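One structure is given here, and the rest of the page talks about it.
Order of appearance sets the numbers: ligands from 1, and atoms from 1 within every ligand. Keep in mind it's a predicted model, so treat the numbers as computed, not measured.
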Amino acid sequence: MFTRLLKYNVFNGSKMELMEYIEKFSKVNIVSGNPEVLYNGLKDNLLLTSFTASRSVIIPDGVGTLLASKMVKVPIKEKIAGIEIMEEVIKKCSMENKPIYLLGAKQEILEGCKENLKRKYPKINIAGSHNGYFDLENCEDIVCDIKKSNAYALFVAMGAPKQDIFIARNMDILPCRVYMGVGGSFDVLAGKTKRAPKWMIELGLEWLYRVCKEPYRIKRLSSIPKFLLKVAEYNKK
Ligand code: UDP
């Protein structure tokens, strides 16, 4: 059910299998394993420890990760987008009346995201939220607010690596069961940005769509070849 990529075990099953798999954990960090996130982990011990911990599940979120799995000859069958898992978890929380906490994005985006989620899932209990513009070194008040909310799932949308650092540092002291760094997902849920059209997603071209819409992203694509190179080097050994 996993493909080994460098130091990572990347989930190699379907979306529904993943939803079943995460049920087993008393606490789980769902890591959207695109090459950028995984490459960040190779350069930072805190992140590496967090991503490789037994309570983390790395999902293959990106064509670069799928390509790497082909290079090691244990191809991953299905790309799993973080935002789709976020929606599945939210749907489940809404049906089972489990509270969620939303952390990240700009205040107006966060408000729009909450409004749209409430419209889509009228029963959802958003027990708390905070925008993503704060000092990671000085955020005890936010950690306290999440604790008080008793949220079952915590979604952190502050981009990589900030969201991953927040989760790595605070997962131990927080009572939530599901933790997930979700990048720009609040922007999508708020209706500010759109995901690529289905045909582009199916062809593995979501990255191209995002670069066309937000050209500054082009720099970030450099982690794809860097990550693939590491995989290739490791494979040669
Ligand atoms: N963001 C944030 N705090 C920061 C920097 C960014 O909350 O200090 C938010 C930003 O407003 C956006 C998201 O994090 O909503 C960034 O998502 P990005 O598109 O970079 O993530 P990706 O989906 O590419 O991982």
Side-chain angles (χ1 to χ4, degrees), residues 8 10 29-44 46-47 50-51 56 58-66 79-87 89-90 100-117 126 128-139 141-143 145-146 154-170 179-196 200-201 204-227:
Y8 305 115
V10 182
N29 177 19
I30 305 170
V31 180
S32 288
N34 60 45
E36 184 187 9
V37 168
L38 299 179
Y39 190 71
N40 285 341
L42 299 178
K43 296 180 298 181
D44 183 301
L46 172 79
L47 295 180
S50 167
F51 296 161
S56 287
I58 302 175
I59 58 170
D61 184 359
V63 280
T65 309
L66 264 64
K79 178 189 152 179
I80 302 182
I83 190 165
E84 290 172 18
I85 298 304
M86 176 185 177
E87 282 239 37
V89 175
I90 289 178
I100 64 167
Y101 195 105
L102 303 176
L103 176 66
K106 295 194 177 117
Q107 191 62 34
E108 74 268 20
I109 295 288
L110 183 61
E111 295 305 330
C113 172
K114 285 196 286 185
E115 259 172 51
N116 286 348
L117 281 179
I126 303 176
S129 64
H130 196 285
N131 66 59
Y133 291 84
F134 59 86
D135 180 6
L136 272 183
E137 305 306 322
N138 218 337
C139 59
D141 50 338
I142 296 171
V143 173
D145 193 49
I146 302 171
L154 170 67
F155 300 103
V156 191
M158 302 196 295
K162 216 172 159 186
Q163 60 194 25
D164 308 304
I165 296 172
F166 183 88
I167 294 173
R169 285 188 187 168
N170 296 299
Y179 298 76
M180 196 171 175
V182 292
S185 300
F186 292 3
D187 298 71
V188 175
L189 291 169
K192 193 200 159 224
T193 54
K194 280 202 170 69
R195 284 193 75 193
M200 282 187 99
I201 296 178
L205 293 175
E206 193 160 17
W207 59 274
L208 181 64
Y209 178 85
R210 297 185 80 181
V211 168
C212 292
K213 290 275 175 190
E214 297 157 313
Y216 68 87
R217 285 183 178 277
I218 194 111
K219 270 194 267 159
R220 290 173 46 181
L221 289 180
S222 67
S223 25
I224 300 180
K226 285 185 201 153
F227 181 69

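Smallest separation of non-hydrogen atoms from Leu102 and Cys113: CD1-SG, 4.2 Å.
Under a 4.0 Å criterion applied to the non-hydrogen atoms of Arg220, ligand 1 contributes the atoms 20 (O), 21 (O), 22 (P), 24 (O), 25 (O). Close approach of ligand 1 to Gly183 is summarised as follows: ligand atoms under 4.0 Å from at least one heavy atom of the residue are 13 (C), 17 (O), 21 (O), 22 (P), 23 (O), 25 (O). Near Ala157, meaning under 4.0 Å from one of its heavy atoms, ligand 1 places the atoms 7 (O), 9 (C), 13 (C), 14 (O).
The N/O atoms of Ala160, backbone and side chain alike, include none that comes under 3.5 Å of an N/O atom in ligand 1. Considering both main-chain and side-chain atoms, Ala105 comes within under 3.5 Å of ligand 1 through a nitrogen or oxygen pair.
Between the side chains of Asn170 and Tyr179, not a single donor N or O lies within less than 3.5 Å of an accepting N or O.
The side-chain contact (heavy atoms from CB on, under 4.5 Å) search around Ile224 returns Pro35, Leu221, Leu228, not counting sequence neighbours. With sequence neighbours excluded, the residues satisfying side-chain contact (heavy atoms from CB on, under 4.5 Å) with Glu87 are Lys120, Tyr121, Leu189.
Only side-chain heavy atoms of Arg217 come within less than 4.0 Å of ligand 1; its backbone N, CA, C and O stay farther off.
Here CE of Met158 is found 10.5 Å from NE2 of His130. Values are rounded to the nearest 0.5 Å.
Atom 8 (O) of ligand 1 has its nearest heavy-atom neighbour, among Lys106, Met158, Lys162, in Lys162.
Note: Phe227 and Tyr8 have tilted aromatic rings, judged against thresholds of 30 and 60 degrees for the angle between ring planes.
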